[in-house]
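Report on one structure; see the data block that follows.
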Amino acid sequence: MPPANALLPFCGSDHFSLGVEEELLMAAPMSLQPYNGTDAVLQRIAPEVGAVAGEVSDGVLELITPVCENASEAVEILGRLRAAAAPHVALLGVGVHPVARFADVRLRPGDRYEQIGETMRGIMRQTPHCGVHVHVGMSDGETAVRACNGMRAWIPLLQALGANSPYWYGRDSGLASSRSVICNSFPRAGIPRHFDDYGDFALTVEQMRALGECPDYSLLWWDVRPHPRLGTLEIRALDAQSSLDDLAGLIALAHCLAVHEATAALVRGASVEVLRELSFRACRDGLEARLLLGGTLRPARELACHAIEVASAYAADLGCWDELMGLHALLEAGNGAMRQRRHEAEGGLRLVLRRLADETLRGRTATSSVRSVIPRRDTPASGSRRVAADGAAA
């Protein structure tokens with residue numbers, strides 16, 4: 001067997017850079033119903049920075065930042081990309097369109113998309129879904145796998161915080177993130193197992209490729225994965241967000257935790273079976289979920305405060321202190337799923353759609369003025385103390 005980096009070269013980064021991909025649903029400007037015609041819209045958008053692309057399902061735009069230094073820069077660019085698209089189509093920052101009909105999906109042409117459609121069949125045709133993918137630069141494959149192993153324990157919390165798809169097919173799903181449940185119906189999805197090293201990951205990719213329906217690692221739709229071609233760890237657990245404030249905080253938290261897991265002492269965490277169970281509970285209950293902290297089940301908000309404390313050791317060096325502390329506003333006011341349910345109680349699903357469109361356009365919600373009073377702490381990002389998602393320290 002050739003060396004791992006020969007089998008699957010990892011194009012490493014020299015620092016913990018950041019990149020973000022944001023998927024948004026297109027909607028008809030007046031009715032805010034699902035709107036196909038991605039390719040026609042793409043022809044009319046000319047972004048000054050970053051890129052806008054289509055996705056496998058028609059009616060979805062993917063906004064792509066260049067390599068950024070921090071969450072603030074990434075979100076500022078995403079805001080500009082939203083503004084570039086806004087004159088041509090309404091946009092909804094949401095995991096699943098609240099009133100789209102089941103199986104009302106048109107897949108876009110192309111060899112890759114056609115293969116996905118042929119192998120996935122009805123699973124890919126449930127409803128278009130949108131997420132946020134956070135890329136953190138890693139120096140080499142071993143560091144990426146180390147960070148991937150550690151980030152697995154934080155995935156349920158990120159799902160709980162970022163849940164923003166409670167409605168599907170015109171009714172309440174009973175879930176906080178129906179998008180995550182749809183994604184977990186795919187093959188090669190969910191939280192991956194622990195990898196011994198980069199060679200173990202590369203061998204797994206090769207074994208999957210040899211089976212014939214997964215030609216490369218980009219069809220491993222795990223919630224977190226190394227991305228060798230880009231030289232990053234890719235965190236894929238978040239629903240799309242309407243609020244740029246919420247998005248900035250979530251990106252900052254993911255960025256800091258990835259750096260923490262890449263640099264601190266290794267701790268073997270919970271089994272993949274336990275993590276997947278916690279992931280389901282986070283997708284079902286959102287911020288009302290009970291997740292593991294210190295080996296016991298605790299409220300998700302308590303784990304979130306613990307995660308912010310862990311991340312704060314890196315936030316100053318990564319230039320995202322204010323964005324990270326902004327998550328306290330999300331914890332106080334609720335996440336996107338909770339906001340949608342409040343709007344539905346106030347004015348039904350029509351108001352949900354209007355508020356989603358307005359928030360996505362302006363990038364702000366009523367929570368944007370709430371800010372933490374926690375002072376900045378200039379703690380080096382290379383600190384040796386390692387704190388796990390379950391509260392263990394080494």
Side-chain angles (χ1 to χ4, degrees), residues 21-25 34 38 53-60 62 94-97 100-135 148 151-152 155-156 158-160 162-169 173-195 201 204-227 233-240 272-273 275-284:
E21 299 160 345
E22 174 186 46
E23 298 164 346
L24 299 174
L25 288 171
T38 300
E55 259 294 340
V56 59
S57 296
D58 200 4
V60 176
E62 182 179 41
V94 62
V96 169
H97 195 291
R101 293 174 297 174
F102 178 75
D104 186 13
V105 178
R106 185 170 70 188
L107 303 185
R108 295 176 64 237
D111 291 343
R112 175 183 171 88
Y113 296 156
E114 289 172 5
Q115 183 206 13
I116 291 173
E118 290 171 1
T119 58
M120 301 276 283
R121 303 179 188 177
I123 297 175
M124 182 54 73
R125 292 174 172 84
Q126 298 173 73
T127 190
H129 54 276
C130 294
V132 176
H133 301 166
V134 180
H135 289 262
C148 182
M151 282 301 298
R152 293 157 64 248
I155 292 299
L158 291 172
Q159 290 171 322
N164 190 32
S165 49
Y167 296 101
W168 61 1
Y169 316 124
S173 67
L175 309 166
S177 175
S178 61
R179 179 202 70 91
S180 296
V181 173
I182 292 171
C183 290
N184 279 324
S185 71
F186 292 4
R188 309 178 294 277
I191 298 177
R193 67 174 176 87
H194 180 279
F195 293 103
F201 167 75
T204 298
V205 172
E206 177 60 24
Q207 290 171 335
M208 295 298 295
R209 187 198 64 77
L211 294 177
E213 293 188 2
C214 184
D216 61 69
Y217 68 86
S218 68
L219 295 185
L220 299 174
W221 292 304
W222 297 326
D223 293 328
V224 58
R225 69 184 182 189
H227 199 308
L233 180 72
E234 183 182 7
I235 301 154
R236 304 162 49 84
L238 301 170
D239 282 1
V272 69
E273 293 83 6
L275 293 176
R276 288 179 176 176
E277 173 66 19
L278 294 171
S279 172
F280 170 72
R281 296 184 187 187
C283 297
R284 181 188 65 194

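Side-chain contact check for Cys183 versus His129: some heavy-atom pair is nearer than 4.5 Å. Looking at Arg281 and Glu277, their side chains come closer than 4.5 Å, going by heavy atoms from C-beta outward.
The minimum heavy-atom distance linking Arg209 with Pro215 is given by the pair CG-O, 3.4 Å. When every heavy atom of Ser279 is checked against every heavy atom of Gln159, the shortest pair comes out as OG-OE1, 2.7 Å. Taking each heavy atom of Pro187 and Trp221 in turn, the nearest pair found is O-CE3, 3.5 Å. Pro34 and Ala100 get closest at one heavy-atom pair: CG-CB, 3.8 Å. Closest non-hydrogen pair, Pro192 versus Arg152, comes out as O-NE, 2.8 Å. Residues Trp222 and Phe195 share a closest heavy-atom pair of CH2-CZ, 3.6 Å.
Listed for the Thr127 side chain is no donor-acceptor partner under 3.5 Å among the backbone atoms of Phe102. Using a distance-only test at 3.5 Å, with no hydrogens or angles considered, a donor-acceptor pair links the side chain of Glu23 to the main chain of Gly131. Judged by distance alone, with hydrogens and angles left aside, the side-chain atoms of Asp223 form no donor-acceptor pair with the main-chain N or O of Ala237 at under 3.5 Å. One N or O on the side chain of Ser165 and one on the backbone of Ser178 form a donor-acceptor pair closer than 3.5 Å. The closest donor-acceptor contact from the side chain of Arg276 to the backbone of Gly190 lies at 3.5 Å or more, if one exists at all. Between the Glu118 side chain and the Gln115 main chain, no donor and acceptor come within less than 3.5 Å of each other. Looking only at distances, a side-chain donor or acceptor of Thr38 sits under 3.5 Å from a matching main-chain atom of Gly59.
Atom SG of Cys283 sits about 8.0 Å away from atom CZ of Arg179, to the nearest 0.5 Å. Of the inter-residue distances, the one linking Asp104 atom CG with His97 atom NE2 reads 10.0 Å to the nearest 0.5 angstrom. A distance of 10.5 Å separates SG in Cys148 from CZ in Arg193, rounded to the nearest 0.5 Å. Atoms CD1 and CD1, from Ile155 and Ile191 in turn, are 6.0 Å apart once rounded to the nearest 0.5 Å. Put simply, CZ on Phe280 and CG on Leu175 are 6.5 Å apart, with the number rounded to the nearest 0.5 Å. To the nearest 0.5 Å, atoms CG (Leu220) and CE (Met208) are separated by 6.0 Å.
Enclosure of atom CZ in Arg188 by more than 12 non-hydrogen atoms of other residues, nucleotides or ligands within 6.0 angstrom is indicated.
Between Glu21 and the options Arg236, Glu55, His133, a side-chain contact (heavy atoms from CB on, under 4.5 Å) holds for only His133. Screening Asp239, Asn164, Val60, Val96 for a side-chain contact (heavy atoms from CB on, under 4.5 Å) with Cys130, the sole residue that qualifies is Val60. Of the listed residues (Arg112, His227, Glu234), just one forms a side-chain hydrogen bond (donor to acceptor under 3.5 Å, both in side chains) with Ser218, and that residue is Arg112.
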